[in-house]
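Note that these values count all heavy atoms, side chains included, but never hydrogens, waters or copies made by symmetry.
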Amino acid sequence: MTILHQIDPIALQLPQIGPFQPSVHWYGVMYLLAFASAWLLGRARIRAGRLPGVDEEAFGDLLFYGILGVILGGRIGYVLFYATGELLADPLMLFKVWDGGMSFHGGLLGVLVAAWLWSRRQRLHFFDVMDFVAPLVPLGLGLGRIGNYIGAELWGKYTQAGWGVVFPTDPVFRGWSAERLQAEFAAGALDQFARHPSQLYQAFLEGVVMFVLVWGFSRQPRRRYAVSGLFALLYGVFRFLVEFVRVPDADLGYLAFGWLTMGQVLSIPLIALGLFLLWRSRTAPVLLPLVPATARVD
């Protein structure tokens with residue numbers, strides 16, 4: 001079955017302010033839902049004592065640090081990994097977040113730095129904090145990929161199999177009106193341009209599957225490094241696989257062998273890190289839950 005993508009990326013059009021026409025995009029809404037899901041899941045784990053010595057107020061600080069890490073790291077990572085040429089031509093594009101462009105790997109580095117700073121401040125072991133944070137992330141990743149799909153960006157290659165999604169943002173439709181697209185699609189003339197909805201593949205793998213596996217694994221106390229290792233391994237493997245059907249960034253293309261993408265290059269260290277952390281966890285201590293006094297029932 002072939003689907004014509006017709007979702008408006010703007011969720012809410014706000015009243016015009018002078019020459020500006022502010023609006024709320026679905027991608028931004030997905031980010032808000034992602035942070036909300038992390039807050040709700042994290043609060044439940046704090047109340048269950050899964051990060052001993054940390055109450056809900058301290059967790060709120062950790063979440064704030066994490067949000068800054070995601071936004072700053074994600075944007076800087078995108079510019080450095082995928083848009084270096086644009087940055088050299090226009091250094092101010094680093095701040096043009098409204099034009100889009102966020103990198104998971106950059107966001108991950110940002111979160112790691114933020115968590116390290118917070119851990120030092122709280123005098124906690126860095127990987128105890130990361131093992132606590134890892135199960136909170138997958139749902140947000142899935143929501144972000146749904147935002148990519150709604151925005152008709154980061155789509156996959158042509159399926160060449162009579163099924164997939166026809167994206168109006170495809171360069172072959174440049175200059176086409178919405179009426180012409182709908183008419184040609186209804187006539188079956190656009191089936192050859194149907195693409196893999198790689199955003200939804202990633203939403204399912206990174207969001208649903210990773211959440212079920214990582215959250216389920218972390219429900220019981222595990223040895224230090226194990227939960228973080230499982231998260232890194234799963235994300236690296238899933239991202240590496242989906243890249244085979246995802247269109248590489250236009251500015252970079254394939255880096256080697258006619259198939260290796262920047263996303264795969266950045267995922268290889270994650271896979272290696274995940275395997276190392278799982279190996280390292282074999283002799284590490286187990287962090288046992290300790291319910292905060294404020295969460296106990298008299």
Side-chain angles (χ1 to χ4, degrees), residues 66 69-70 72-84 102-120 124-142 144-145 154 198 201-218 222-249 252-287:
V70 167
L72 295 178
R75 181 59 179 174
I76 294 172
Y78 169 79
V79 171
L80 294 180
F81 298 149
Y82 300 101
T84 307
M102 297 287 282
S103 163
F104 164 80
H105 297 92
L108 176 61
L109 291 174
V111 169
L112 291 176
V113 172
W116 178 74
L117 292 173
W118 185 86
S119 300
R120 287 195 61 185
L124 295 172
H125 194 288
F126 172 69
F127 273 101
D128 287 340
V129 176
M130 293 312 301
D131 287 342
F132 172 84
V133 169
L136 316 183
V137 177
L139 286 184
L141 290 178
R145 295 307 179 190
L154 305 182
S198 56
Y201 299 167
Q202 290 185 260
F204 176 70
L205 292 173
E206 299 168 11
V208 179
V209 176
M210 276 187 60
F211 175 73
V212 170
L213 294 178
V214 178
W215 181 268
F217 182 71
S218 68
R222 303 291 180 180
R223 294 186 182 276
R224 181 179 291 157
Y225 310 111
V227 178
S228 298
L230 180 63
F231 175 90
L233 176 62
L234 288 175
Y235 181 86
V237 170
F238 289 158
R239 177 65 182 271
F240 194 93
L241 293 175
V242 173
E243 286 287 320
F244 283 110
V245 297
R246 179 172 155 176
V247 174
D249 292 84
L252 298 177
Y254 293 112
L255 303 183
F257 315 120
W259 56 265
L260 186 68
T261 67
M262 177 60 81
Q264 289 173 320
V265 169
L266 296 174
S267 295
I268 291 172
L270 273 181
I271 296 172
L273 175 64
L275 291 172
F276 171 75
L277 292 177
L278 288 171
W279 173 82
R280 179 72 177 80
S281 71
R282 297 175 307 136
T283 56
V286 177
L287 186 66

Quick one, Leu141 and Tyr235 - any side-chain contact, counting heavy atoms below 4.5 Å? yes
Are any side-chain N or O atoms of Glu206 and backbone N or O atoms of Gly142, one a donor and one an acceptor, separated by less than 3.5 Å? no
Is the shortest heavy-atom distance from the side chain of Leu139 to the side chain of Trp215 under 4.5 Å? no
Using every non-hydrogen atom in the two residues, find where Ser267 and Gly263 come nearest and quote the distance to one decimal. OG-O, 2.7 Å
Tell me if the CZ atom of Phe217 is crowded by more than 12 foreign heavy atoms within 6.0 Å. yes
Drop me the distance from Tyr225's OH to Thr283's OG1, to the nearest 0.5 angstrom. 8.5 Å
Under 4.0 Å between a Lys/Arg side-chain N and an Asp/Glu carboxylate O for Asp131 and Arg224? no
Keeping the roles fixed (side chain from Arg282, backbone from Trp279), state whether a donor-acceptor pair exists under 3.5 Å. yes
Distance-minimising heavy-atom pair for Ala134 and Ser228: CB-CA, 4.5 Å
Let me know which of Leu233, Leu275, Leu108 forms a side chain to side chain contact (heavy atoms under 4.5 Å, CB included) with Leu270. Leu108
Verify, without hydrogens or angle tests, whether Arg223 (side chain) and Ala284 (backbone) share a donor-acceptor contact under 3.5 angstrom. yes
For the residue pair Val129 and Ser119, what are the closest heavy atoms and their distance? CG2-OG, 3.2 Å
Listed partners of Leu241 passing side-chain contact (heavy atoms from CB on, under 4.5 Å), at least two apart: Val237
Interatomic distance, Phe240 atom CZ to Leu266 atom CG [nearest 0.5 angstrom]: 11.5 Å
To the nearest 0.5 Å, atom CG of Leu234 lies from atom CZ of Phe211 at 13.5 Å
Tell me if a side-chain donor or acceptor on Ser198 pairs with a main-chain N or O of Tyr201 at a distance below 3.5 Å. no
Test your reading of the model: is there a side-chain donor-acceptor pair from Gln264 to the backbone of Thr261, 3.5 Å cut-off? yes
In terms of heavy-atom contacts, Gly66 and Ala114 come closest through N-CB, 4.2 Å
What pair of heavy atoms forms the shortest contact from Pro135 to Phe132, and how long is it? CD-O, 3.3 Å
Supply the atom-to-atom distance Leu213 CG to Ser218 OG, rounded to the nearest 0.5 angstrom. 11.0 Å
Going from CG on Leu230 to CE on Met210, what distance comes out if it is rounded to the nearest 0.5 angstrom? 7.5 Å
Minimum heavy-atom separation for Leu112 and Phe126, please, with both atom names. O-CE1, 3.5 Å
